[in-house]
Student: 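Before we start, here is the structure in question, set down as structure tokens.
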Number of protein chains: 2
Amino acid sequence: MNGSDSTSTVSGSSTPRRSDATRGAILAAARERFAADGYERATIRAIAKDANIDPSMVMRYYRNKEGLFAAAVAIDLRLPDVSGADRRPDAGRILVEHFLGLWEDNEVLTALLRVGATNQAGAERMQGILRDQLLPVAQQVCPDPEQVPARAALMASQLLGLALTRYVLRLPPAVGLAREEIVAWLAPTIQRYLTAPAP
Amino acid sequence: MNGSDSTSTVSGSSTPRRSDATRGAILAAARERFAADGYERATIRAIAKDANIDPSMVMRYYRNKEGLFAAAVAIDLRLPDVSGADRRPDAGRILVEHFLGLWEDNEVLTALLRVGATNQAGAERMQGILRDQLLPVAQQVCPDPEQVPARAALMASQLLGLALTRYVLRLPPAVGLAREEIVAWLAPTIQRYLTAPAP
DNA sequence: CTCGTTGGCCAACATCTGTTGACCAACATG
DNA sequence: CATGTTGGTCAACAGATGTTGGCCAACGAG
């Protein structure tokens, strides 16, 4: 909707502004706060203080809080291609491993999930990601187009459920799981959701 | 912590107060608001208005907002017993069906999940439920006590993940799934998490 | 009837929220 | 040097929020 998307994580600069450092600091602080506190409690004042600037700068650069959020959670999951015949039987494992890596060094996803749970805009953003990035993956491995949305939804339910219990709610038994354990348990589930014949 | 827990969902009344109706109205309104808006945006004023009383009454009966939340989300999942030898092979299906019923006519769970995502107290409440109600179920079907927490966590990840995508984020493909579809896909997953030999 | 207790409303408080506009300093360009 | 543009701060606003205390009406036991 908003045309000011050009300042994404990629520093592809056509006109490198002098304020880019500040803009970046604001975005970084915003991601951290949104991830830690959710939408409502991540106040503009707190974000500005983290970025060592005045709250009004946030408004100047991102119009309002919603605009800041939109800019802060723009993300590309960089999902691997699993369409190759050699990779298809391993799709479950590949995807689970990719997701674990994604969540563990990217606070944006935690922010997105936390905000999506209570904020309409956040929920819609997640809808977009599912539709634009997760659905195509399901499409790669599932022949019947009619089943693709359901299979993508199932995959999302398991992957987001793990992220929820482990990185957001931080339920101790979920945090205690070892990385390899998770892969070993979840990979077959994802594989089945994607490729098993509909029950 | 607080001694005023005697007014729970159970109407076991030792001293039926004249204000019980109002108390109930407040709790009902609180559950609805917490479920719809999350902790921060469910304001005491809005809840009071829904219950047709003055905001100050909420404080009088529940001390503060945190106390109101604690009272509003006290819940017993009434998880079925799956320890019987005849039921054990069906544990996955039984549990998934029970959970679907639970979520569909109980807004408390939606409230709890929404709040747990952004609020520390909410997250801890979910921890308690996992520990006190979900873990025992895993214990019923898994012989090795050392594996119980991991298996319970895996089950929670899938069940909460479904709830998240379907009832909180309301991702269209997840909402579109038919009840029987969900059972057919998820039951084997839960069954495997609970009873399959550790990979 | 009397009077303590309970249920309820009203008005206000201090604080925090997003947001705005006026103002100043540094810079680049003519 | 003069001047317009950009980066930034300060002070304030209007509204909402959790919370408090005072006040009044209805009730129930003596």
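Within every chain, numbering begins at 1; the chains are lettered A, B, ... in the order of the sequence lines, protein sequences first and strands thereafter. As the structure is a computational prediction, the values presented were derived from the model and not from experiment.
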Student: Between atom CD in A:E66 and atom P in C:dG18, what is the gap in whole Å?
Tutor: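 One finds 13 Å between P of C:dG18 and CD of A:E66, rounded.
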Student: Taking atom P of C:dG7 as reference, at what distance in whole Å does atom CG of B:N52 sit?
Tutor: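 It is 18 Å, rounded to the nearest whole Å.
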Student: Assuming nearest nucleotide by heavy-atom distance, tell me which of A:R45 and A:M57 is located more 5' along DNA chain D.
Tutor: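 Final value for this comparison: A:M57.
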Student: Nearest-nucleotide wise, let me know which of B:S56 and A:D54 is further upstream toward the 5' end of DNA chain D.
Tutor: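 Nearest nucleotide further toward 5': that of A:D54.
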Student: What integer distance in Å separates B:D37:CG from D:dA16:C1'?
Tutor: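 The answer, rounded to whole Å, is 15 Å.
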Student: Rounding to a whole Å, what distance do you find between B:R60:CZ and D:dC23:C1'?
Tutor: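 It works out to 11 Å between those atoms.
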Student: Verify, without hydrogens or angle tests, whether A:Q133 (side chain) and A:I75 (backbone) share a donor-acceptor contact under 3.5 angstrom.
Tutor: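 Side chain of A:Q133 to backbone of A:I75: a pair is present.
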Student: Has B:R88 got more than 12 heavy atoms of other residues, nucleotides or ligands less than 6.0 Å from its CZ?
Tutor: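 More than 12 heavy atoms, drawn from other residues, nucleotides or ligands, come within 6.0 Å of this atom.
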Student: Under a single-linkage definition using a 4.5 Å side-chain heavy-atom cutoff for Ile, Leu, Val, Met, Phe, Trp and Tyr, are A:Y167 and A:F34 assigned to the same hydrophobic cluster?
Tutor: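 Hydrophobic grouping puts A:Y167 with A:F34.
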Student: Do A:L79 and A:L154 sit in the same hydrophobic cluster, where Ile, Leu, Val, Met, Phe, Trp and Tyr count as joined when their side-chain heavy atoms come under 4.5 Å apart?
Tutor: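 Yes, A:L79 connects to A:L154 through the hydrophobic network.
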Student: Whole angstroms only, please: what is the OH-P distance between B:Y61 and C:dG8?
Tutor: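 To the nearest whole Å, that distance equals 4 Å.
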Student: Indicate whether OP1 or OP2 belonging to C:dG8 is found under 4.0 Å from a side-chain N or O atom of B:T22.
Tutor: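 Answer is yes, contact under 4.0 Å.
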Student: Rounding to an integer number of Å, can you tell me how far A:Y62 OH sits from D:dG8 C1'?
Tutor: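 Rounded to whole Å, this separation is 15 Å.
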Student: Think A:S19 has a side-chain N or O under 4.0 angstrom from the OP1 or OP2 of D:dT6?
Tutor: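 False: A:S19 side-chain N/O out of range (4.0 Å or more) of D:dT6 OP1/OP2.
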Student: Once you round it to whole Å, what is the distance between P of D:dG28 and CZ of B:R18?
Tutor: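 So the two atoms are 6 Å apart, to the nearest Å.
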Student: Starting at atom CG of A:N64, determine the distance to atom P of D:dA14, rounded to an integer number of angstrom.
Tutor: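 About 20 Å, once rounded to whole Å.
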